**Q** 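Quick one: the structure is below, questions incoming.
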Amino acid sequence: MGILTIDQWNHTCQLDTSAKPRRNIGWISSNWIGYSITGKKGAFKRISAKWNVPFVRPSRGASYSSAWIGIDGFGNSNLIQTGTGHEFIDGKAYYYAWWEILPASVTIIPLPIQPGDRMHASIIKRSGSNWLICLRNVSRSWTFRTLQRYNGPQTSAEWIVEAPQVNGALATMARLSPVAFSCCRVNGKSPKLTADDGGIMLQNLSVTSIPSYPNRAGDGFIVKSVRQ
């Protein structure tokens with residue numbers, strides 16, 4: 001079963017500084033697609049968003065992906081995050097919910113997830129180093145909450161679809177239906193995303209996935225797979 005390997009995931013963004021970004025694209029990564037904003041230390045204390053759980057299309061070999069929100073991880077090894085996983089292994093698709101604080105392993109949320117489900121996630125700093133991670137499946141009427149300690153620098157905030165590292169190697173990105181992020185918020189307000197905040201995924205010298213331009217409010221976008 002594919003999810004047994006996720007304790008080996010590495011979620012920190014691997015930026016490709018040698019690749020030249022496309023016009024109106026802010027960054028290129030080997031494992032992230034989506035939007036990220038950066039700021040000074042302590043800048044980000046709260047993040048949230050809604051998205052749909054994508055359908056995984058069949059692939060010849062094993063393929064992996066996740067959709068999540070998080071604080072930190074963009075160019076550093078700290079990260080607090082929660083999201084959904086979608087992968088295709090041995091002829092079968094798997095879907096699940098999870099949360100993680102690096103460098104600890106992923107923790108599976110043992111509640112039902114299916115493609116098409118509407119998710120609402122939030123990560124909120126409480127007092128001191130206490131953070132509330134909340135993931136809600138609107139379609140199936142469950143809400144998961146956990147209070148955890150986190151001491152990262154709070155210098156970036158992200159809304160991401162990812163191909164993780166599995167067992168020390170970069171996984172093949174799963175072939176997904178479009179993932180629509182909406183109602184993105186940071187510190188309780190619209191992040192007012194611009195194209196310069198967006199990034200594309202480049203694997204084996206090919207673009208695998210791209211984000212749309214942000215909507216007019218700067219708080220939503222769609223990630224689409226280039227591979228059909």
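Worth knowing before you read on, the calculation uses all heavy atoms, side chains too, and leaves out hydrogens, waters and symmetry mates. Being a predicted model, the structure only gives us computed values, none of them experimental.
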**Q** Classify the side-chain pair T84/H86 by whether it contains a donor and acceptor separated by less than 3.5 Å.
**A** yes

**Q** Where is the tightest heavy-atom contact between T172 and A62, given as atom of each residue plus distance?
**A** CB-O, 3.8 Å

**Q** Would you mind reporting whether L132 and I123 have side-chain heavy atoms less than 4.5 Å apart?
**A** no

**Q** What is the minimum heavy-atom distance between L135 and G83, and which atoms define it?
**A** CD2-O, 3.7 Å

**Q** Sub-3.5 Å donor-acceptor pair from the side chain of W159 to the main-chain atoms of S48, do we have one?
**A** yes

**Q** Taking all non-hydrogen atoms of both residues, which atom of P178 and which atom of N52 are closest, and how far apart?
**A** O-ND2, 3.2 Å

**Q** In terms of side-chain heavy atoms, does S225 have a donor or acceptor partner in R175 at a distance below 3.5 Å?
**A** no

**Q** Do F88 and P58 come within less than 4.5 Å of each other through their side chains, counting heavy atoms only?
**A** yes

**Q** Once rounded to the nearest 0.5 Å, what's the spacing between atom CD1 of I200 and atom CH2 of W27?
**A** 9.5 Å

**Q** Could you tell me if T194 and D196 have a donor-acceptor pair between their side chains, going purely by distance under 3.5 Å?
**A** no

**Q** If you take all heavy atoms of N78 and P153, which pair is closest and at what distance?
**A** OD1-CD, 3.5 Å

**Q** Nearest 0.5 angstrom please: T208 OG1 to K224 NZ, how far?
**A** 15.0 Å

**Q** Between F221 and Y35, what is the ring plane arrangement, given parallel below 30°, perpendicular above 60°, and tilted in between?
**A** tilted

**Q** Evaluate side-chain contact (heavy atoms from CB on, under 4.5 Å) for Q154 paired with K45, printing each intermediate quantity in order.
**A** CA-CA 7 Å; Q154 303 165 231; K45 299 177 176 63; 3.7 Å; yes

**Q** When you look at NZ of K50, are more than 12 heavy atoms from neighbouring residues, nucleotides or ligands closer to it than 6.0 Å?
**A** no

**Q** Could you check whether Y95 and E87, counting side-chain N and O atoms only, form a donor-acceptor pair closer than 3.5 Å?
**A** no

**Q** Is there side-chain contact between W68 and E158, with heavy atoms separated by less than 4.5 Å?
**A** yes

**Q** Between W142 and I113, is any pair of side-chain heavy atoms under 4.5 Å apart?
**A** yes

**Q** Drop me the distance from S139's OG to Q114's CD, to the nearest 0.5 angstrom.
**A** 10.5 Å

**Q** Side chains of L193 and I37, heavy atoms from C-beta outward: is any pair under 4.5 Å?
**A** yes

**Q** Check I89 against Y94 and note the closest heavy-atom contact, atom names and distance.
**A** O-CE1, 3.9 Å

**Q** For R185, does the CZ atom have more than 12 heavy-atom neighbours from other residues, nucleotides or ligands under 6.0 Å away?
**A** yes

**Q** Rounded to the nearest 0.5 Å, how far does CE of M201 lie from CD1 of I210?
**A** 12.5 Å

**Q** Could you check if a side-chain atom of D72 sits within less than 4.5 angstrom of a side-chain atom of I80, using non-hydrogen atoms only?
**A** no

**Q** Answer yes or no: is there a side-chain heavy-atom contact under 4.5 Å between Q81 and I133?
**A** no

**Q** Answer whether the closest heavy-atom distance between the side chains of I124 and W131 falls below 4.5 Å.
**A** no

